[in-house]
Amino acid sequence: MADPSEIGVGMDLEKLLADRLAPAFARVAGAPVDPVVRRSARADFQSDAALALARRLGRPPRAVAAEVLAHADLADVCRVTEVSGPGFVNLTVADDTLAELVLALATDPRLGVPVAAEPETVVVDYSAPNVAKEMHVGHLRSTVIGDAAARLLEWLGHRVLRANHLGDWGTPFGMLIEHLVDLGGAEAARTLSMGDLDSFYQAARGKFDADEAFRERSRRRVVALQGGDEATLRLWRLLVRQSERYFLTVYDLLDVTLTERDFHGESSYNDLLGPVVEDLDRLGLLRDSDGASCVFPPGQVGRDGEPLPLIVRKSDGGYGYPATDLAAIRHRTGTLGATRLLYVVGLPQRRHFDMVYAAAAQAGWLAAPARAEHVGFGSILGADGRMLRSRAGGSVKLVGLLEEAIARATALARQRNPELGEAEAAEVGRAVGIGAIKYADLSSDRHKDYVLDWERMLSLDGDTAPYLQYAYARIRSIFRRAGETAGPAAAISLAEPAERALALALVGFGTVVGEVADGLEFHQLTGYLYRLAAAFSSFYERCPVLRADGPVRDGRLVLCDLTARVLRQGLYVLGIRTPDRL
RNA sequence: GCGCCCGUAGCUCAGCGGAUAGAGCAGGGGACUUCUAAUCCCAAGGCCGCAGGUUCGAAUCCUGCCGGGCGCACCA
């Protein structure tokens, strides 16, 4: 058996094996070599570093692999070590070692995931709906991915600042405020609080397009707003507040951790825009182009092959998006002390953010160790494969999707489990329905475009959140019947292949979480959790827990408990609830 | 025109330098006297868009095509 000190809290099996192989590789190669240990279908783990090394040494790969194995100190942690195929090193972990790891994990509240060695201040910029506009499915990805990032990094011990960059400023507010005036404050508040933002916006838009007098009023109103007219600001605040209130109800329904404290609308940077432009000018980064004040980040070229400008101040003196984004960066790194800035925004805006980051770096507002990452995601496409447009009535209201999901899941819960009371069925329906939608979004590579497939998002079969929630509920059911919690087992039997496979899956949690924390590719986490739940389901089928005897039963209870905790924590990170019963 | 993203089973997607390319759904066959069958097990399903190249080895890296999406100065 391995030295227990090696199998401490947060120990990682892949790292353990790599650490054991590394000296042997170094000895054979005469220099350090990464053993590249990874999971394998042929054995528990595989190292293919001998193949690459063989070429460098000009020797037969199998001979190199054999020599590495001969020098590797693996006898206490592996049951089988062998050279296979063209020169792979296959490793089968000893059951004792695996059992030790599981027992160590079972007493680790962090489930093998260490707290970040160097906690950072991280700003996660996500969701960002527009005041007086409905949230549509296009907001789903940013909100769901961003929330997962915030939850994950927070769990890892970072100081996470959520930033909901609300669209609360700009020319549309002229017409919105005038429409508000037409309706009267009370009526407007009523409409907005009902969550009928679309009709409010459409009505304002309609008047703006059709009525020249209204258009003129709107223009004057924008000037008054920007000029700080108190009466206008009051109306504006009413709009913003009502919208925020509505968005919070959506976040509540969606189980998103954004709160009223996280609204940092564009307008909150207004006072910083002037200084930003002044500083850029003082640094000599600003150039006039057709009357607009621009930064020209290197390497950015437009349609005509000319350098592409980042317009910080328009020719009419107004500020655009770039100015606000630059001010936000300066505020986040400077005032807030953040070193990691995440922007959970669609991929189409990649160029924009590349330019903003480049400009911020030139200005010295984004200097190491601080860095910005565009956590981009693909567009939402319609069934025709084209981008879903919000204008032409092509948008799909987000709450409509959520309500449909909850209704379906609630109906299924009632049908499948008549024991559930009405209130519990509703709770389950909500957890399952929302979980299904989030899982559908998080389980595919975020870089890819996303065809809005109602059926797929509402699906409750197969590789979906309910599958994982079901596995969790089954475990809870076992403990309800047992009337006990998992006792401290002295040992864990892994004689059954299904037990062993489950144990192997469990000890891989830390590795996956570490990878996801870096790349924020949450489909890696959903994939892991699905494989874990599948391993559990097979185990559940073949290995009776409560009917087993003494030590076997104790060991299985530990496996169950650990599985439940990993599933719960993993799903928590994804923002998906785990009801005790389905 | 330039840039970014993407073409993998009928459908939705993993895999992104390693062995016989994996899941889910749909369709086929089995398993509920036994801890929730929202489950499990079995079989079937593939010129990995096309063509070159690099490599002992390519779905994966490079180049060129073909096809789809998005972006390219005062909108956010």
Side-chain angles (χ1 to χ4, degrees), chain A residues 36 38 40-42 46 48 51-52 54-55 60-61 84-88 90 128 130 167 169-172 266 289-294 296 299-316 318-322 324-325 346-352 354 376-379 381 385-387 409 412-413 415-417 419 432 440 443-445 447-449 451 453 455-456 459-464 466-467 469-471 473-482 498 523-524 526-527 530-531 533-534 537-548 556 560 581-582:
Chain A
V36 284
R38 57 173 66 131
S40 165
R42 305 271 180 141
Q46 167 192 102
D48 35 1
L51 287 156
R55 178 161 36 164
S84 172
F88 297 105
N90 283 358
N130 292 312
W169 202 249
T171 48
E266 293 165 351
S289 177
D290 295 338
S293 303
C294 307
F296 288 84
Q300 300 290 345
V301 177
R303 193 195 302 276
D304 48 11
E306 296 296 307
L308 204 56
L310 191 64
I311 299 172
V312 288
R313 188 168 51 203
K314 299 184 282 184
S315 52
D316 67 3
Y319 299 103
Y321 224 31
T324 312
D325 284 330
L347 244 14
Q349 296 198 52
R350 179 166 167 165
R351 163 109 71 149
H352 165 73
D354 281 348
F377 49 83
S379 307
L381 309 180
R386 302 193 70 84
M387 209 164 150
L412 186 66
Q415 175 203 326
R416 292 296 163 98
N417 193 349
E419 290 175 22
V432 169
S443 60
S444 70
D445 185 336
H447 297 100
K448 297 198 173 184
D449 284 350
V451 176
D453 182 343
E455 285 307 317
R456 181 175 151 261
S459 167
L460 304 176
D461 295 316
D463 184 6
T464 63
Y467 179 84
Q469 291 168 318
Y470 183 65
R474 283 170 134 185
I475 299 173
R476 299 305 308 153
S477 177
I478 288 174
F479 284 105
R480 267 198 306 277
R481 283 178 183 269
H523 72 288
Q524 293 178 332
T526 63
Y530 178 74
R531 273 177 263 121
S537 296
S538 295
F539 161 86
Y540 183 88
E541 209 71 30
R542 274 169 226 147
C543 303
V545 177
L546 298 177
R547 294 176 58 229
R556 287 180 179 171
C560 285
R581 304 201 289 175
L582 288 199

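Because the structure is a prediction, the values reported are computed rather than measured.
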Check: Toward the 5' end of RNA chain B, which comes first, A/R42 or A/P307, by nearest nucleotide?
Finding: A/R42

Check: Base, sugar-phosphate alone, or nothing: which one does A/A413 contact when heavy atoms must sit under 4.0 Å apart?
Finding: base

Margin query: Between A/T526 (side chain only) and A/H523 (backbone N and O only), is there a donor and an acceptor less than 3.5 Å apart?
Written below: yes

Notebook entry, point to check: Can you find a pair of side-chain heavy atoms, one from A/R542 and one from A/S537, that are under 4.5 Å apart?
Noted result: no

Margin query: Is there a side-chain contact between A/R556 and A/P544 in this structure, where contact means two heavy atoms from C-beta onward sitting under 4.5 Å apart?
Written below: yes

Note to self: So A/G462, base contact, sugar-phosphate only, or nothing? Heavy-atom distance under 4.0 Å.
What the structure shows: sugar-phosphate

Margin query: So for A/N90 and B/A19, does any side-chain atom that can act as donor or acceptor lie under 3.5 Å from a complementary atom in the base?
Written below: yes

Next item on the list: Name the closest nucleotide to the A/V432 side chain, picking from B/G69, B/A38, B/C4.
Entry: B/A38

Checklist line | Any A/K448 side-chain N or O less than 4.0 Å from OP1/OP2 of B/G7 | finding: yes

Note to self: Rounding to an integer number of Å, can you tell me how far A/D445 CG sits from B/C13 C1'?
What the structure shows: 10 Å

Next item on the list: Tell me what A/S84 touches on the nucleic acid: a base, only sugar-phosphate, or nothing, going by heavy atoms under 4.0 Å.
Entry: base

Next item on the list: Would you classify A/D48 as touching base, sugar-phosphate or nothing, given that sugar-phosphate means primed atoms plus P, OP1 and OP2, and contacts are heavy atoms under 4.0 Å?
Entry: base

Item checked: A/R456 CZ - B/A26 P separation (whole Å) -> 15 Å

Next item on the list: Indicate yes or no: at least one non-hydrogen side-chain atom of A/P309 is less than 4.5 angstrom from one of A/S289.
Entry: no

Notebook entry, point to check: Among B/U36, B/C75, B/C70, which nucleotide sits nearest the side chain of A/P348?
Noted result: B/C70

Notebook entry, point to check: If the C1' atom of B/A21 is compared with that of B/C2, how far apart are they to the nearest Å?
Noted result: 35 Å

Next item on the list: Assess whether atom CD of A/E419 is packed by more than 12 heavy atoms of other residues, nucleotides or ligands within 6.0 Å.
Entry: no

Check: So, is A/R416 close to the B/A38 phosphate, meaning a side-chain N or O under 4.0 Å from OP1 or OP2?
Finding: yes

Notebook entry, point to check: Got A/V36 and A/Q46 here, is their nearest side-chain heavy-atom distance under 4.5 Å?
Noted result: no

Checklist line | Within 45° cone and under 6.0 Å: A/R474 NZ/CZ vs A/Y540 ring | finding: yes

Margin query: Determine whether the aromatic ring centres of residues A/F377 and A/H447 are separated by less than 6.0 angstrom.
Written below: no

Note to self: Between P on B/A38 and OH on A/Y540, what's the gap in Å once rounded to a whole number?
What the structure shows: 10 Å

Checklist line | A/P86 vs A/L308, nearer the 5' end of RNA chain B by closest nucleotide | finding: A/P86

Next item on the list: Please measure how far the C1' atom in B/G46 lies from the corresponding atom in B/A59, and state the result in whole Å.
Entry: 11 Å

Margin query: I want to check one thing: is the phosphate of B/C72, taken as OP1 and OP2, less than 4.0 Å away from some side-chain N or O of A/H352?
Written below: no

Next item on the list: For B/A26 and B/G64, measure between their C1' atoms and round to the nearest Å.
Entry: 38 Å

Margin query: With a 4.5 Å cut-off on side-chain heavy atoms, are A/H352 and A/P322 touching?
Written below: yes

Item checked: A/D290, nearest nucleotide to its side chain (from B/A19, B/C74, B/A73) -> B/C74

Margin query: Does the structure show A/Y530 stacking with B/A23, if we require the centres to be closer than 5.5 Å and the planes to be within less than 30 degrees of parallel?
Written below: no

Note to self: Without decimals, in angstroms, what is the distance between A/D463 CG and B/C13 P?
What the structure shows: 13 Å

Check: Considering only side-chain heavy atoms of A/R542, which listed nucleotide, B/C74, B/A14, B/C41, is closest?
Finding: B/C41

Item checked: Nucleotide B/A23, atom P - distance to OH of A/Y467 in whole Å -> 12 Å

Note to self: I want to verify the glycosidic state of B/C16; is it syn or anti under the 90° rule?
What the structure shows: anti

Item checked: Side-chain N,O (A/R474) to OP1/OP2 (B/A37) below 4.0 Å -> yes

Note to self: Does any part of the side chain of A/F88, heavy atoms only, come nearer than 4.5 Å to the side chain of A/S40, both counted from C-beta?
What the structure shows: no

Margin query: Mind checking if A/R547 touches a base, just sugar-phosphate, or nothing, with heavy atoms under 4.0 Å?
Written below: base

Margin query: Can you measure A/I478 atom CD1 to B/U34 atom P for me and round it to whole angstrom units?
Written below: 15 Å

Notebook entry, point to check: Base, sugar-phosphate, or nothing for A/S379, non-hydrogen atoms under 4.0 angstrom?
Noted result: nothing

Item checked: B/U8 and B/G1, which share atom name P, separated by this distance in whole Å -> 25 Å

Check: Among B/U39, B/G69, B/A19, which nucleotide sits nearest the side chain of A/L381?
Finding: B/G69

Note to self: Output the rounded distance in Å from OH (A/Y470) to C1' (B/C40).
What the structure shows: 10 Å

Next item on the list: Using the C1' atom on both, measure B/A58 against B/G15 and round to a whole Å.
Entry: 13 Å

Check: When you check the phosphate oxygens OP1 and OP2 of B/U36, does a side-chain N or O of A/R481 lie under 4.0 Å from one of them?
Finding: yes

Notebook entry, point to check: Within the structure, does a side-chain N or O atom of A/R38 lie under 4.0 Å from either OP1 or OP2 of B/G18?
Noted result: yes

Next item on the list: Name the closest nucleotide to the A/L546 side chain, picking from B/A73, B/G18, B/C35.
Entry: B/C35

Margin query: Taking donor-acceptor contacts at under 3.5 Å, does the side chain of A/Q46 reach the base of B/A19?
Written below: yes

Item checked: Watson-Crick or G-U stems involving RNA chain B, each at least 3 pairs long, distances under 3.5 Å, ordered by first number -> B:1-7 with B:66-72, B:10-13 with B:22-25, B:28-31 with B:39-42, B:49-53 with B:61-65

Next item on the list: Could you tell me the separation between the CZ atom of A/R531 and the C1' atom of B/G24, rounded to a whole number of Å?
Entry: 13 Å

Notebook entry, point to check: Mind checking the C1' distance from B/C61 to B/C70? Whole angstroms is fine.
Noted result: 25 Å

Item checked: Nearest heavy-atom neighbours spanning A/L347 and A/G378 -> CD2-N, 4.0 Å

Next item on the list: Report yes or no: does A/R350 contribute a side-chain atom to a donor-acceptor pair with the main-chain N or O of A/G376 at less than 3.5 Å?
Entry: no

Next item on the list: Would you tell me if any nitrogen or oxygen in the side chain of A/S538 comes within less than 4.0 Å of OP1 or OP2 on B/C41?
Entry: yes

Item checked: Side chain of A/L582 - closest among B/A38, B/G18, B/C70 -> B/A38

Margin query: Does A/A52 reach a base, just sugar-phosphate, or nothing at all? Heavy atoms under 4.0 Å.
Written below: base

Note to self: Rounding to an integer number of angstrom, what distance separates B/C56 and B/C48 when you compare their P atoms?
What the structure shows: 24 Å

Check: Do A/T171 and B/A76 share a donor-acceptor pair, side chain to base, under 3.5 Å?
Finding: no

Notebook entry, point to check: Using the P atom in both, what is the distance from B/A37 to B/C41, to the nearest Å?
Noted result: 14 Å

